[in-house]
Amino acid sequence: MMRSNSSKDTPPSPDSRLNQTLRNVQGFRLLKGRSFPGKVLITQRDDPLDASNLYSPSSGRRISDTEAGSSEQMDGSFEEVQNRSNSESSSSVNKMKSSAPNPELSYIEIPKSPMGSRATDSARLTKFTKELSSPTVILEKLRELAWSGVPPYLRPAVWRLILGYAPPNSDRREGVLARKRLEYLDCVAQYYDIPDTERTNEEINMLRQIAVDCPRTVPDVSFFQQSQVQKSLERILYTWAIRHPASGYVQGINDLATPFMVVFLSEYLEGSIDTWQMADLAPEKISNVEADCYWCLTKLLDGMQDHYTFAQPGIQRLVFKLKELVRRIDEPILRHMEEQGLEFLQFAFRWFNCLLIREMPFHLVSRLWDTYLAEGDALPDFLVYIAASFLLSWTEKLQQLEFQDMVMFLQHLPTHNWSDLELEMVLSRAYMWHAMFSSSPSHLVS
């Protein structure tokens, strides 16, 4: 919109500031390693949003190419993130609501196709195939693609590459994987396949704790109740703990191994995980899966070492940052939680400790981890925004609850019916907030 010279000293309206911020987010790659997940539109509404219309269609206006500005001008927040399918067979729009301290800012819409469609779209498949078939994979491009979801049958190869476990040079890849798998077998023989008489008391206690935790891992998925699966988990976790004495085994790390196990087993087992039988695999294949899980878990935890050391200071720091981010985005809900005496540690510590695995239906975890692993070293920072987006998905419900009911609700969130669409809304909104606040991070300084 053109402005006359007489008005250039007039302070910009909230709507204008938001437009400028969003244009800045859309036009520039503020976040390393991924592209903006969808185009941004903004519109206004005078009537309050009806939560029952969560999936109802809505229209918006596109931000013009002339509207640009600094993200530091953003001093409000927004009410909705909307995902719109680009498929010809669907024109449904998905909205998500959160609080907005400024009533003039109604909602932000991000039209996108559902993540399941995006991950299997032919154009995306072509891009993945092109990158993976290159003599030397360009990891930055692969991470950008992976951020929005990886086709399931390509996921094992993509995860190995973006974690740095498999080398980008295709000529070296097979040899490196063979060597690392043998190295894992040597570690198991040296540390796990020995009698208790050769272990210290601390090591015996740690192995016993792991043996207790493995049957409790993902209890609602029958596959993980198989004794051979639990024994594989036990070997992976104990070997990792012995080789990382600064932290050793911490409850919650058992959850972090499960996405890797499912993804790497998918190379050998077909169909639904509910039909998988570990006994159907040859010992060599089981060993390969364990080794890949071990090394990828190691790569993941190397980027968050202080999350699992004594007193877990890294996680406590993320919990503090989450509270401050919620204060910035939705002060009314934070005030309500504080009035009820609810501490963020009472629910968010587990979220960060297990990377939300226990809060999501297990069939969505691999998709969530596509984004996690694409973030690379920036993951701990981005986790704060994902947790904020996840928490504020339940704003209206939380406002109605008192302390005891609020604690119970947050510890048993009703996500069992969630699909890719709800998860994509959480990720899209997290991306938006990260982009808005990344240039002024002082509000999250611990």
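- Salt-bridge formation is not detected for the pair Glu324/Lys321: no Lys NZ or Arg NE/NH1/NH2 atom is positioned less than 4.0 Å from an Asp or Glu carboxylate oxygen.
- Between Leu265 and Met278 the shortest side-chain heavy-atom distance falls below 4.5 Å.
- For the side chain to side chain donor-acceptor pair (under 3.5 Å) condition, the pairs that include at least one residue of residues 245-270, sequence neighbours left out, are Arg160-Glu267, Asp213-Tyr249, Asp213-Gln251, Thr217-Asn254, Tyr249-Asn254, Asp255-Arg358.
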| said: One pair to check against side-chain contact (heavy atoms from CB on, under 4.5 Å): Gln225 and Val218. What are the steps and the verdict? | reply: CA-CA 9 Å; Gln225 305 312 307; Val218 199; 6.0 Å; no

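- Ring geometry for Tyr372 versus Trp369: interplanar angle of 30 to 60°, hence tilted.
- The two residues Ser272 and Trp276 make their nearest non-hydrogen contact at O-CD1, 3.1 Å.
- Going from atom SG of Cys214 over to atom CD1 of Ile236 covers 9.0 Å, rounded to the nearest 0.5 Å.
- Between the side chain of Gln340 and the main chain of Met337, no donor-acceptor pair closer than 3.5 Å is present.
- A salt bridge between Lys323 and Glu338 is present, with a side-chain N of the basic residue lying under 4.0 Å from a carboxylate O of the acidic one.
- Taking both residues in full, the closest heavy atoms of Val365 and Met360 are given as CG2-CB, 4.4 Å, listed atom of the first, atom of the second, then distance.
- When all heavy atoms of Leu427 and Phe382 are compared, the closest pair comes out as O-CZ, 4.4 Å.
- The ring of Trp159 has its center no closer than 6.0 angstrom to the ring center of Tyr165.
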| request: Apply side-chain contact (heavy atoms from CB on, under 4.5 Å) to Leu301 and Trp240, showing your working. | output: CA-CA 10 Å; Leu301 294 179; Trp240 183 88; 3.3 Å; yes

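- The CD atom of Glu396 sits 12.0 Å away from the CH2 atom of Trp394 when rounded to the nearest 0.5 Å.
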| request: Tell me, with the steps shown, if Leu342 and Leu410 meet side-chain contact (heavy atoms from CB on, under 4.5 Å). | output: CA-CA 11 Å; Leu342 181 67; Leu410 288 170; 3.7 Å; yes

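- Sparse packing is recorded around NZ of Lys141, with 12 or fewer heavy atoms of other residues, nucleotides or ligands lying under 6.0 Å away.
- A distance-only check finds a donor-acceptor pair linking the side chain of Thr395 to the backbone of Leu392 [under 3.5 Å].
- The backbone N or O of Ser227 sits nowhere less than 3.5 Å from a side-chain atom of Gln230 that would complete a donor-acceptor pair.
- In this structure, the separation between CG on Leu356 and CG on Leu383 is 7.5 Å, given to the nearest 0.5 Å.
- At least one donor-acceptor pair under 3.5 Å links the side chain of Thr200 to the backbone N or O of Glu203.
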| query | How far apart are the C-alpha atoms of Met206 and Ile242, what are their side-chain angles, what is the distance that settles it, and do they pass the side-chain contact (heavy atoms from CB on, under 4.5 Å) test? | reply | CA-CA 9 Å; Met206 183 167 62; Ile242 289 294; 3.6 Å; yes

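- Using a 4.5 Å heavy-atom threshold, the side chains of Leu145 and Val158 count as separate.
- Side chains of Phe128 and Val150 form a contact here, defined as non-hydrogen atoms less than 4.5 Å apart.
- Between Leu125 and Pro151 the shortest heavy-atom distance is CD2-CG, 3.3 Å.
- In summary, Asp420 and Arg367 do not engage in a salt bridge, as defined by a charged side-chain N under 4.0 Å from a carboxylate O.
- Using bins of under 30°, 30° to 60° and over 60° for the plane-to-plane angle, the ring pair Tyr385/His434 lands in the tilted bin.
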| message | One pair to check against ring-ring contact (aromatic ring centres under 6.0 Å, His included): Phe347 and Trp351. What are the steps and the verdict? | response | CA-CA 7 Å; Phe347 63 91; Trp351 292 8; 5.1 Å; yes

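- Between Ile253 and Leu297 the shortest side-chain heavy-atom distance falls below 4.5 Å.
- In this structure a side-chain-to-backbone donor-acceptor pair under 3.5 Å is missing from Ser148 to Glu144.
- Inter-residue side-chain proximity for Leu237 and Tyr192 is flagged as unmet; no heavy-atom pair is nearer than 4.5 Å.
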| query | Stepwise, does the ring-ring contact (aromatic ring centres under 6.0 Å, His included) test hold for Trp295 with Tyr184? | reply | CA-CA 8 Å; Trp295 290 114; Tyr184 170 75; 7.7 Å; no

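- The minimum heavy-atom distance linking Ser232 with Met261 is given by the pair CB-CE, 3.8 Å.
- For Phe390 and Trp418, the distance between ring centers is under 6.0 angstrom.
- With hydrogens and angles ignored, the 3.5 Å screen pairs a side-chain donor or acceptor of Gln316 with a backbone N or O of Ala311.
- Here Ser419 contributes atom OG and His363 contributes atom NE2; the two are 7.0 Å apart, rounded to the nearest 0.5 Å.
- Listed for the Asn205 side chain is a donor-acceptor partner under 3.5 Å among the backbone atoms of Asn201.
- With Gln277 contributing its side chain and Gln226 its backbone, the two residues share no donor-acceptor pair below 3.5 Å.
- Remark: side-chain polar atoms of Thr371 are paired, donor with acceptor, to backbone N or O of Trp147 under 3.5 angstrom.
- A distance of 14.5 Å separates NE2 in His336 from CD in Glu331, rounded to the nearest 0.5 Å.
- Residues Pro380 and Gly303 come closest through the heavy atom pair CG-O, 3.7 Å.
- Salt bridge annotation for Asp196-Arg199: present, with a cationic side-chain nitrogen under 4.0 angstrom from a carboxylate oxygen.
- A donor-acceptor contact shorter than 3.5 Å is absent between the side chain of Arg155 and the backbone of Asp370.
- Using a 4.5 Å heavy-atom cutoff, the side chains of Lys299 and Leu373 are not in contact.
- With values rounded to the nearest 0.5 angstrom, Met304 atom CE is found 10.5 Å from Phe352 atom CZ.
- A heavy-atom distance below 4.5 Å is found between the side chains of Asn353 and Tyr308.
- The pair Arg317-Asp306 meets the salt-bridge criterion, with a side-chain N (NZ, NE, NH1 or NH2) lying under 4.0 Å from an Asp/Glu carboxylate O.
- Aromatic pair Phe344/Phe349: centroids not less than 6.0 angstrom apart.
- Glu290 pairs with exactly one of Lys285, Lys231, Arg235 by the side chain to side chain donor-acceptor pair (under 3.5 Å) rule, that one being Arg235.
- The existence of a salt bridge linking Arg350 and Glu359 is confirmed by a sub-4.0 Å separation between a basic side-chain nitrogen and an acidic carboxylate oxygen.
- At a threshold of 4.5 Å between non-hydrogen side-chain atoms, the residues Gln399 and Ile333 count as touching.
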